[in-house]
Asks: 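This is the structure, below, for whatever I ask next.
What you are looking at is a predicted structure, and each value in this text was computed from that prediction instead of being measured.
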Amino acid sequence: FVERGESDPGYGQLLAVLWRQRLLLLGIFLSALSASAFLTLTKKPTYQSSMQLLVEPNYQGKKDSTRENQFADSNVEIDNSTQLAQMRSSELLSKAVVLLKQDYPKISVEELQSSLVLVQLEEDKIKTKIFQAVYTGDDPLKTQKALKAIQQVYQDYNREQQQQRLKRGLSFVNEQLP
């Protein structure tokens, strides 16, 4: 007949084992601490800059008025996946590279594409018209300047698109006048 209390190691026995192995435990702890300190000190810091862009047309036609719908541009509807693809495109990012070349001569479109993350924000599982752009790099000033350049390119692109829509609308109205 063996009593249960005698076969279970107690706290006293556990502490005795740990005390006997204290040098081994201390060595393992110091090794892990020095390895993590070394990795922390030698790793370059990573910086992130982010911005949010509201993407919507400047023209909002009323759907219930037939008179206003007569002149509405059906191409103004925003397809968010197309918008994201356009924002990530080499064409727009190459314009940002041109703006950044003066400060960063070695920057490339591929670097911008790999460091830039664009996502459409959601609220209560409903996609919004807001896109978040996050740029990650090893230079804090470069991340900010890159996002500023990308913002400028996107704004210029949207202005061009708006002017093209206005020109098409005016040419349609001018055709209808005679």
Side-chain angles (χ1 to χ4, degrees), residues 1-57 77-158 161:
F1 179 81
V2 178
E3 290 187 29
R4 189 170 289 264
E6 293 177 9
S7 66
D8 291 337
Y11 291 116
Q13 289 176 335
L14 183 62
L15 289 175
V17 169
L18 290 175
W19 185 252
R20 282 192 303 261
Q21 300 295 328
R22 69 183 180 273
L23 293 178
L24 177 65
L25 293 174
L26 184 63
I28 292 171
F29 174 74
L30 290 177
S31 298
L33 183 66
S34 61
S36 64
F38 175 75
L39 290 175
T40 301
L41 292 175
T42 58
K43 183 180 177 190
K44 285 186 175 180
T46 303
Y47 300 94
Q48 280 188 344
S49 292
S50 65
M51 69 177 171
Q52 293 182 349
L53 300 164
L54 176 63
V55 180
E56 66 180 345
E77 186 80 20
I78 290 183
D79 176 21
N80 292 326
S81 59
T82 304
Q83 187 72 30
L84 269 175
Q86 184 66 32
M87 292 168 79
R88 290 182 181 130
S89 72
S90 299
E91 177 187 344
L92 287 182
L93 292 180
S94 64
K95 292 178 183 178
V97 166
V98 169
L99 294 174
L100 292 168
K101 278 289 188 186
Q102 183 178 0
D103 294 330
Y104 304 101
K106 293 183 180 180
I107 196 164
S108 65
V109 174
E110 293 78 23
E111 180 182 344
L112 278 182
Q113 284 177 329
S114 65
S115 299
L116 181 67
V117 176
L118 289 165
V119 289
Q120 184 177 5
L121 297 181
E122 293 182 4
E123 186 173 313
D124 297 328
K125 297 186 181 183
I126 298 173
K127 291 191 176 193
T128 65
K129 295 179 182 179
I130 300 172
F131 291 88
Q132 176 142 5
V134 178
Y135 189 85
T136 305
D138 56 0
D139 180 6
L141 193 57
K142 183 177 180 180
T143 60
Q144 291 176 353
K145 285 184 178 184
L147 274 187
K148 292 258 186 214
I150 292 168
Q151 178 186 18
Q152 183 65 43
V153 168
Y154 290 160
Q155 286 175 342
D156 292 345
Y157 173 75
N158 285 331
Q161 294 300 310

Asks: Could you grab the distance from atom CG of Leu93 to atom CZ of Arg88, nearest 0.5 Å is fine?
Replies: 10.5 Å
Asks: Could you pull out all residues at least two apart from Gln113 that satisfy side-chain hydrogen bond (donor to acceptor under 3.5 Å, both in side chains)?
Replies: Ser90
Asks: Can you name the side chain to side chain contact (heavy atoms under 4.5 Å, CB included) partners of Ala149, sequence neighbours left out?
Replies: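 Checked Ala149 against side chain to side chain contact (heavy atoms under 4.5 Å, CB included); matches are Ala96, Leu99, Leu100.
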Asks: With side chains defined as the heavy atoms from C-beta onward, is the minimum distance between Tyr157 and Gln86 less than 4.5 Å?
Replies: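 Result yes, sub-4.5 Å side-chain heavy-atom pair found.
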Asks: For Ile150 and Met51, work out which heavy atoms get closest and say how close.
Replies: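 Result for this residue pair: CG2-CE, 4.1 Å.
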Asks: If only atom types and distance count, is the side chain of Tyr154 paired as donor or acceptor with the main-chain N or O of Met87 below 3.5 Å?
Replies: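 Checking the backbone N and O of Met87 against the side chain of Tyr154, a donor-acceptor pair under 3.5 Å is found.
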Asks: Got a list of side-chain donor-acceptor pairs under 3.5 Å for residues 19-31, not counting sequence neighbours?
Replies:
| unit_1 | atom_1 | unit_2 | atom_2 | d |
| --- | --- | --- | --- | --- |
| Arg22 | NH1 | Trp19 | O | 2.9 |
| Ser31 | OG | Gly27 | O | 2.8 |

Asks: Report the residues that fulfil side-chain hydrogen bond (donor to acceptor under 3.5 Å, both in side chains) with Ser115, sequence neighbours left out, ordered by chain and then residue number.
Replies: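 Listed in chain order: nothing, the list is empty.
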Asks: If every non-hydrogen atom of Leu84 is compared with every non-hydrogen atom of Leu118, which pair is closest and at what distance?
Replies: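 Shortest heavy-atom contact: CD2-CB, 3.7 Å.
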Asks: How close do Thr143 and Ser49 get, heavy atom to heavy atom, and via which atoms?
Replies: OG1-OG, 2.9 Å
Asks: What's the separation between atom CD in Gln152 and atom CG in Leu147, rounded to the nearest 0.5 Å?
Replies: 13.0 Å
Asks: Can you sort out the partners of Thr136 under side chain to side chain contact (heavy atoms under 4.5 Å, CB included), two or more places apart, ordered by chain and number?
Replies: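 Result, side chain to side chain contact (heavy atoms under 4.5 Å, CB included) vs Thr136: Thr46, Gln48, Val134.
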Asks: Determine which pairs satisfy salt bridge (charged side-chain N to carboxylate O under 4.0 Å, His left out) with at least one residue from residues 92-109, sequence neighbours left out, and list them in order.
Replies: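 Passing the test, one end in residues 92-109: Asp103-Lys145.
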Asks: More than 12 non-hydrogen atoms from neighbouring residues, nucleotides or ligands closer than 6.0 Å to CD on Glu122, yes or no?
Replies: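 It does: Glu122 CD has more than 12 such atoms within range.
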Asks: For Asp139, what residues pass the salt bridge (charged side-chain N to carboxylate O under 4.0 Å, His left out) criterion, not counting sequence neighbours?
Replies: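 Once residues adjacent in sequence are excluded, Asp139 has no partner under the salt bridge (charged side-chain N to carboxylate O under 4.0 Å, His left out) criterion.
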Asks: Taking all non-hydrogen atoms of both residues into account, name the closest pair between Ala133 and Leu116 and its distance.
Replies: CB-CD1, 4.2 Å
Asks: Suppose we screen for side chain to side chain contact (heavy atoms under 4.5 Å, CB included). Which residues come up paired with Gln52, at least two apart in sequence or across chains?
Replies: Leu121, Ile130, Gln132
Asks: Just to verify, what does Asp156 make a salt bridge (charged side-chain N to carboxylate O under 4.0 Å, His left out) with, not counting sequence neighbours?
Replies: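 Arg159.
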Asks: Can you sort out the partners of Glu111 under salt bridge (charged side-chain N to carboxylate O under 4.0 Å, His left out), two or more places apart, ordered by chain and number?
Replies: Lys142
Asks: Name all residues meeting the side-chain hydrogen bond (donor to acceptor under 3.5 Å, both in side chains) criterion together with Ser89; count only those two or more places apart in sequence or in a different chain, and write none if there are none.
Replies: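 For Ser89 there are no side-chain hydrogen bond (donor to acceptor under 3.5 Å, both in side chains) partners, ignoring immediate neighbours.
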Asks: Under the side chain to side chain contact (heavy atoms under 4.5 Å, CB included) rule, collect the residues that match up with Lys44, sequence neighbours excluded.
Replies: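 In terms of side chain to side chain contact (heavy atoms under 4.5 Å, CB included), with neighbours along the sequence ignored, Lys44 is linked to Asp138.
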Asks: For Ala146 and Leu112, work out which heavy atoms get closest and say how close.
Replies: CB-CD2, 4.2 Å
